[in-house]
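Everything on this sheet refers to the single structure shown next.
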Protein chains: 2
Amino acid sequence: MKLSTKGRYGVKSMLDLALHGGEGPVPLKSIAERQDISENYLEQLFATLRKAGHLKSIRGAQGGYILAHDPKNITIGSILRSLEGSLAPVECVVEDDPIKCSKSDRCVTKIVWKKIRDKVNEAVDSVTLDDLIEEYKKSNTDDAYIYYI
Amino acid sequence: MKLSTKGRYGVKSMLDLALHGGEGPVPLKSIAERQDISENYLEQLFATLRKAGHLKSIRGAQGGYILAHDPKNITIGSILRSLEGSLAPVECVVEDDPIKCSKSDRCVTKIVWKKIRDKVNEAVDSVTLDDLIEEYKKSNTDDAYIYYI
DNA sequence: TCCAATTCCAAGTACTTTACTCGGTATTTC
DNA sequence: GAAATACCGAGTAAAGTACTTGGAATTGGA
């Protein structure tokens with residue numbers, strides 16, 4: 001039941017971008033360095049996030065990435081699902097067109113898998129990027145200018 | 001964020017055992033056949049469940065496995081955690097001695113990981129084996145004697 | 001007393017997934 | 001025109017998953 005690095009890196013990087021953006025695009029390289037993630041690998045994750053509509057990119061020198069929406073409107077859940085796919089614990093309870101097993105009609109264990117799925121979604125959808133930004137600022141009141149994670 | 005087959009097979013098999021037990025030990029082979037799981041593989045899972053105190057075994061001919069406790073006192077969570085380990089989505093928020101990263105003190109993403117962890121535990125600990133048995137019986141009122149899953 | 005049925009145990013292995021790397025092209029600014 | 005960036009597709013090493021294999025130990029019943 002572990003998240004892959006995709007989800008973890010994605011959330012970290014989106015938060016990094018939110019903290020460092022504002023005055024223009026942030027180059028992937030700087031995010032990768034701060035977050036200690038392979039640049040080439042993060043590139044792939046950002047491609048996914050861009051296609052999912054979370055990021056906008058600006059090519060060429062002085063280019064980089066910017067958030068496509070206000071952090072208040074970006075839930076952690078939407079980031080995670082973009083990168084990880086459904087957060088359902090078992091294929092048979094994936095939200096759209098689940099892969100059913102032969103005994104799906106009689107299977108009562110699905111009750112549990114659905115509960116897990118719903119609770120996980122509840123958890124990740126209740127937190128926005130902005131919530132994390134606020135938490136970050138709160139926990140760094142002494143040296144409020146050090147906006148790295 | 002998927003469960004492995006260990007967790008899924010474990011819950012299915014414990015339920016199967018609960019439905020077929022009662023008049024004595026149930027041989028692993030019959031559970032494996034009904035649930036369409038490799039017998040040798042299930043053996044390994046049952047070894048874990050036995051060591052975790054969920055099962056008792058009786059060796060030799062006419063032997064098999066029986067539940068160590070009343071289904072009312074066995075939560076799905078305890079089965080899953082025995083087989084899968086902590087259900088935390090990230091190592092750094094595992095319940096006992098988590099593996100912390102270097103930035104753990106400042107890391108705000110942990111807020112989300114902890115929320116997921118707690119919600120998942122809440123979901124799986126709110127359902128007992130007996131709940132699934134009851135659900136199963138309810139959904140099979142017409143042919144109530146067919147107690148397989 | 002032996003055989004069949006069972007649990008118990010430790011290694012080995014094929015397959016799949018993850019987490020990357022590599023090499024290049026396209027675009028933009030200075 | 002050179003440097004800095006994003007974009008793209010393919011390849012790959014390591015780890016994890018889901019088993020298999022080959023046995024030893026125990027027990028009940030013929």
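Computed from a predicted structure; not experimentally measured. Proteins get letters first, then strands, A, B, ... in listed order; numbering begins at 1 in each.
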Distance-only donor-acceptor pairs under 3.5 Å for side chains of residues 39-50 of chain A, two or more places apart:
residue, atom, partner, partner atom, Å
A/Tyr41, OH, A/Thr5, OG1, 3.1
A/Thr48, OG1, A/Gln44, O, 3.2

Could you pull out all donor-acceptor pairs under 3.5 Å where a side-chain atom in residues 74-95 of chain A meets a protein atom, sequence neighbours excluded?
residue, atom, partner, partner atom, Å
A/Thr75, OG1, A/Ser78, N, 3.0
A/Thr75, OG1, A/Ser78, OG, 3.4
A/Ser78, OG, A/Thr75, O, 2.8
A/Arg81, NH1, A/Asn121, OD1, 2.9
A/Arg81, NH1, A/Asp125, OD1, 3.4
A/Arg81, NH1, A/Asp125, OD2, 3.4
A/Arg81, NH2, A/Asp125, OD1, 2.8
A/Arg81, NH2, A/Asp125, OD2, 3.4
A/Ser82, OG, A/His54, NE2, 3.2
A/Ser82, OG, A/Ser78, O, 2.8
A/Glu84, OE2, A/Ser4, N, 3.0
A/Glu84, OE2, A/Ser4, OG, 2.8
A/Glu84, OE2, A/Gly7, N, 2.9
A/Ser86, OG, A/Ala88, N, 3.0
A/Ser86, OG, A/Glu95, OE1, 2.6
A/Glu95, OE2, A/Asn121, ND2, 2.9

Review point. Can you list the steps and then say if B/His20 with B/Ile31 is a side-chain contact (heavy atoms from CB on, under 4.5 Å)?
Key: CA-CA 9 Å; B/His20 289 87; B/Ile31 301 176; over 6 Å; no
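Between the CD1 atom of A/Ile37 and the C1' atom of C/dT18 there is a distance of 15 Å, given to the nearest Å. One can place NZ of A/Lys51 at 9 Å from P of D/dC7, the figure rounded to the nearest angstrom. Note: CG (B/Leu45) to C1' (C/dC8) measures 14 Å, nearest angstrom. What separates CD of A/Glu39 from C1' of D/dC8 is a distance of 15 Å, to the nearest Å. Protein atom NZ of A/Lys56 is 13 Å distant from nucleotide atom P of D/dC7, rounded to whole Å. Atoms CG (B/Leu17) and P (C/dT6) sit 14 Å apart, rounded to a whole Å. As a whole-Å value, the separation of A/Leu42 CG from C/dT21 P is 12 Å. One can place CD1 of B/Ile31 at 8 Å from P of C/dT7, the figure rounded to the nearest angstrom.
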Practice item. Treat primed atoms plus P, OP1 and OP2 as sugar-phosphate and everything else as base, then score nucleotides 13-19 of chain D 5' to 3': B for base contact with protein heavy atoms under 4.0 Å, S for sugar-phosphate contact only, - for none. Key: -----SB
Exercise for review: Indicate for each nucleotide in nucleotides 22-30 of chain D, in 5' to 3' sequence, whether protein heavy atoms under 4.0 Å reach the base (B), only the sugar-phosphate (S), or nothing (-).
Suggested key: ---BBBSS-
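Applying a 4.0 Å cut-off to non-hydrogen atoms, the residues of residues 64-71 of chain B that approach DNA chain C are B/Gly64, B/Tyr65, listed by residue number.
Among residues at least two apart or in separate chains, there is no ring pair (Phe, Tyr, Trp, His ring centres under 6.0 Å) pair with a member in residues 77-101 of chain B. Sequence neighbours left out, not one pair with a member in residues 57-68 of chain A passes salt bridge (charged side-chain N to carboxylate O under 4.0 Å, His left out).
Every side-chain contact (heavy atoms from CB on, under 4.5 Å) that B/Pro25 has, sequence neighbours left out, goes to B/Ile58, B/Ile66. With sequence neighbours excluded, the residues satisfying side-chain hydrogen bond (donor to acceptor under 3.5 Å, both in side chains) with A/Ser104 are A/Lys110. Take A/Asp118 and apply the salt bridge (Lys or Arg N to Asp or Glu O under 4.0 Å) test, not counting sequence neighbours, and it matches no residue. With sequence neighbours excluded, the residues satisfying side-chain contact (heavy atoms from CB on, under 4.5 Å) with B/Asp70 are B/Lys72, B/Asn73. For B/Glu122, the salt bridge (Lys or Arg N to Asp or Glu O under 4.0 Å) test picks out A/Lys119, with sequence neighbours left out.
Close to C/dT7, at under 4.0 Å from its OP1 or OP2, lies no side-chain N or O of B/Arg50.
Donor-acceptor pairing under 3.5 Å is recorded for the side chains of A/Asp131 and A/Thr128.
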